[in-house]
Amino acid sequence: MTLSLSPLRPLNRVKIKGYQTLMLGLKTLAKVLPLPKPTLYSGPGASLQMCQVVAQMQLGTLLIVTDKQLVSIGLIDPLLKLFEDQGVTCVVYEGVEPDPTYEHVEQGWALLKAHECKAVLAVGGGSSIDTAKVIAALATNAKPIRKLAGYMNVFNAPLPLFVIPTTAGTGSEVTVAAVVSDPKTHQKTPILDPKLVPMMAALDGALMTGMPAAVTAATGMDALTHAIEAYLSVNASDETDRYALLATSMIMSHLEAAYQEGRGEDHGEDHDVETRQALAQAAYFAGLAFTKASLGYVHAIAHNLSALYQTPHGVANAVVLPHLLRFSKPAVLDRLVALAEVSGLLRAGERTAPEVLADRFIDHLEQMLDRFDIPRHLKALKTEDIPRIAKGALKEAHLNYPVPKYMNQKECEALVRLLLVEE
């Protein structure tokens, strides 16, 4: 089923011009505004190496932001032991859940204040890192979360922030963004400020071995979407293109093997660590790409699906991505060809029309969904919610993302409707 656009009225040209002017301003800002990068520790054991350095900084009591599952499996125990041996007092907040809300942030913030913590360490996926970012910002800015939302509203530097991602997906360890949900409106609240970039980050593939196949697939598709949307962005540059294409190539080369290992297929411990390390690095590169080039409609729609139905973010991205690429194809044909080439979809000596190769790339993404047991349709999606989802997605995208081809309300509704379970 494909998206038919012929009977739909195009978006008002004056509005498009306004959005394009706003995106040009963001591109200029990205060029002149210094975007920090965390001091990076990478490789098996990198988490302990970074924590050793953090301990030596003598910052005072440390708040560790994580989730119950990581605590229950003992993943943070070696970190706690290291800090204990170094005389560092740690307080653990394990209340983070997928798609964290203001409440999750405020609970962590209350714990930080009660124990007078002076620094924050996030251990977990994007939800833990985003929660930690906002907690660290609240600690130094006397304003509610809603007032931090938007661009450059974190006036005071957050508390020192260190992160250990345990999934290879969000790239939040290197981005200027944190996203939490308003529990009343069910809308995502993006907070964007260079001050949110962590001071240090550790990419430790050894912590990611044994990750369930479903989580591996969802987080990997999230990172892949970051790379693709950054590459298709109107605000892409030579620098972001290099990161985006490298991330795409690495994910296409390693994600399926990691997924099979997550299902219990034994390729050997060293191979598993190597695969996970490559995906962690790819997610980092994708984060570097979209921090400057930004994202697009896929994320805008996915954010609204996740806020309304708690659809895992990576799954929402993965389901929306092929449909959006078909919509955008006329405007980004050459870029889809390049993505197909770095994905290994052009056979040696083959001469293929650009349209064919672009379609091959999109088809390949849908085949990945099937291999990863990610459904192409969302059971939770309700027909009556589609106008609301489309409206929220367009508002988010048009005010934040330099998309290569604009869509109107009816076009967005038609695309979202393709996600309904077929009867």
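Counting from 1, the numbers follow the sequence of the chain as shown.
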Please indicate whether Q69 has more than 12 foreign heavy atoms, meaning atoms of other residues, nucleotides or ligands, lying under 6.0 Å from its CD. no

Write down the atom of L48, the atom of P78, and the distance for their closest heavy-atom approach. CD2-O, 3.9 Å

Have S127 and E97 got a donor and an acceptor in their side chains that come within less than 3.5 Å? no

L369 side, atom CG; H364 side, atom NE2 - distance, nearest 0.5 Å: 10.5 Å

Backbone of M200 reached by a side-chain donor or acceptor of Y41 within 3.5 Å: no

Between S343 and L345 (side chain of the first, backbone of the second, donor and acceptor by atom type, cut-off under 3.5 Å), is there such a pair? no

Begin from the C-alpha positions of V154 and N141 and carry the test side-chain contact (heavy atoms from CB on, under 4.5 Å) through to its verdict. CA-CA 7 Å; V154 182; N141 292 269; 3.7 Å; yes

Are L40 and Q281 side-chain neighbours, meaning at least one heavy-atom pair lies under 4.5 Å? yes

Can any side-chain N or O of R276 pair as donor or acceptor with the backbone N or O of A258 at less than 3.5 Å? yes

Residues R326, D359: salt bridge by 4.0 Å N-O rule: no

Going by distance alone, is a donor N or O of one side chain under 3.5 Å from an acceptor N or O of the other, for D385 and Y309? yes

Which of these passes side chain to side chain donor-acceptor pair (under 3.5 Å) with Y259: T275, T216, D373? D373

Least distance between heavy atoms, P44 atom then D204 atom: CA-OD1, 3.4 Å

One pair to check against side-chain contact (heavy atoms from CB on, under 4.5 Å): E229 and F290. What are the steps and the verdict? CA-CA 8 Å; E229 289 210 290; F290 87 79; over 6 Å; no

Heavy-atom closest contact (V96 atom, D67 atom, distance): O-CB, 3.4 Å

Heavy atoms, side chains only, cut-off 4.5 Å: are L288 and T240 in contact? no

Is there a donor-acceptor contact under 3.5 Å from the side chain of S233 to the main chain of A293? yes

Donor + acceptor pair across side chains of N156, T140 (<3.5 Å): no

Heavy atoms from other residues, nucleotides or ligands near NZ of K379 exceed 12 (cutoff 6.0 Å): no

Is it true that the side chains of S294 and N235 contain a donor and an acceptor less than 3.5 Å apart? no

With ring centroids as reference points, do H226 and Y284 lie under 6.0 angstrom apart? no

Can E413 and R388 be counted as an ion pair, charged N to O under 4.0 angstrom? no

Assess whether a salt bridge exists between R335 and D241, defined as any Lys/Arg side-chain N lying under 4.0 Å from an Asp/Glu carboxylate O. yes

Rounded to the nearest 0.5 Å, what separation is found between the OH atom of Y231 and the CG atom of L245? 4.5 Å

Here the pair of heavy atoms bringing P165 nearest to L203 is CG-CD2, 3.8 Å

Close side-chain approach of L325 and L336, heavy atoms under 4.5 Å: yes

Taking C-beta and beyond as the side chain, do S181 and Y102 meet within less than 4.5 Å on heavy atoms? no

For the backbone of A218 and the side chain of D222, can you confirm whether one donor and one acceptor N or O come within less than 3.5 Å of each other? no

Verify side-chain contact (heavy atoms from CB on, under 4.5 Å) between L159 and C117, making sure each step is shown before the conclusion. CA-CA 9 Å; L159 290 181; C117 301; 5.6 Å; no

Heavy-atom closest pair, residues T311 and S306: O-OG, 2.7 Å

For E256, salt bridge (charged side-chain N to carboxylate O under 4.0 Å, His left out) partners two or more places apart: R371

Quick check: do I374 and M221 have side-chain heavy atoms less than 4.5 Å from each other? yes

Quick one: do K133 and D193 make a salt bridge, cutoff under 4.0 Å? no

Ignoring hydrogens and angles, tell me if any N or O in the side chain of Y93 forms a donor-acceptor pair with the backbone of H104 under 3.5 Å. yes

Spacing of M199 atom CE and T39 atom OG1 [to the nearest 0.5 Å]: 8.0 Å

Checking side-chain contact (heavy atoms from CB on, under 4.5 Å) for the pair I64/L80: CA distance, chi angles, key distance, verdict? CA-CA 9 Å; I64 297 179; L80 293 174; 3.6 Å; yes

Over 60° means perpendicular and under 30° means parallel, so classify the ring planes of Y406 and H398, tilted if in between. tilted

Least distance between heavy atoms, G43 atom then Q277 atom: N-NE2, 3.1 Å

Reported CG-to-CG distance for the pair L121 and L62, which is rounded to 0.5 angstrom: 5.5 Å

Just wondering, do L394 and Q409 contact through their side chains at under 4.5 Å, heavy atoms? yes

For the backbone of I251 and the side chain of H254, can you confirm whether one donor and one acceptor N or O come within less than 3.5 Å of each other? no

Answer yes or no: is there an ion pair linking D77 with K81, defined by an N-O contact shorter than 4.0 Å? no

Is it the case that atom CD in Q56 sees more than 12 heavy atoms from other parts of the structure closer than 6.0 Å? yes

Examine distances only and state if a side-chain atom of Q310 and a backbone atom of A307 form a donor-acceptor pair shorter than 3.5 Å. yes

Give a yes-or-no answer on whether the side chains of T352 and E350 include a donor-acceptor pair shorter than 3.5 Å. yes

Is any side-chain heavy atom of E261 closer than 4.5 Å to a side-chain heavy atom of M211? no

Between the CG atom in D99 and the OG1 atom in T131, the distance rounded to the nearest 0.5 Å is 10.0 Å

Working to the nearest 0.5 Å, report the span between CG of L357 and CD1 of I362. 10.5 Å

Decide yes or no for N304 and K391: does some side-chain heavy atom of the first lie under 4.5 Å from some side-chain heavy atom of the second? no

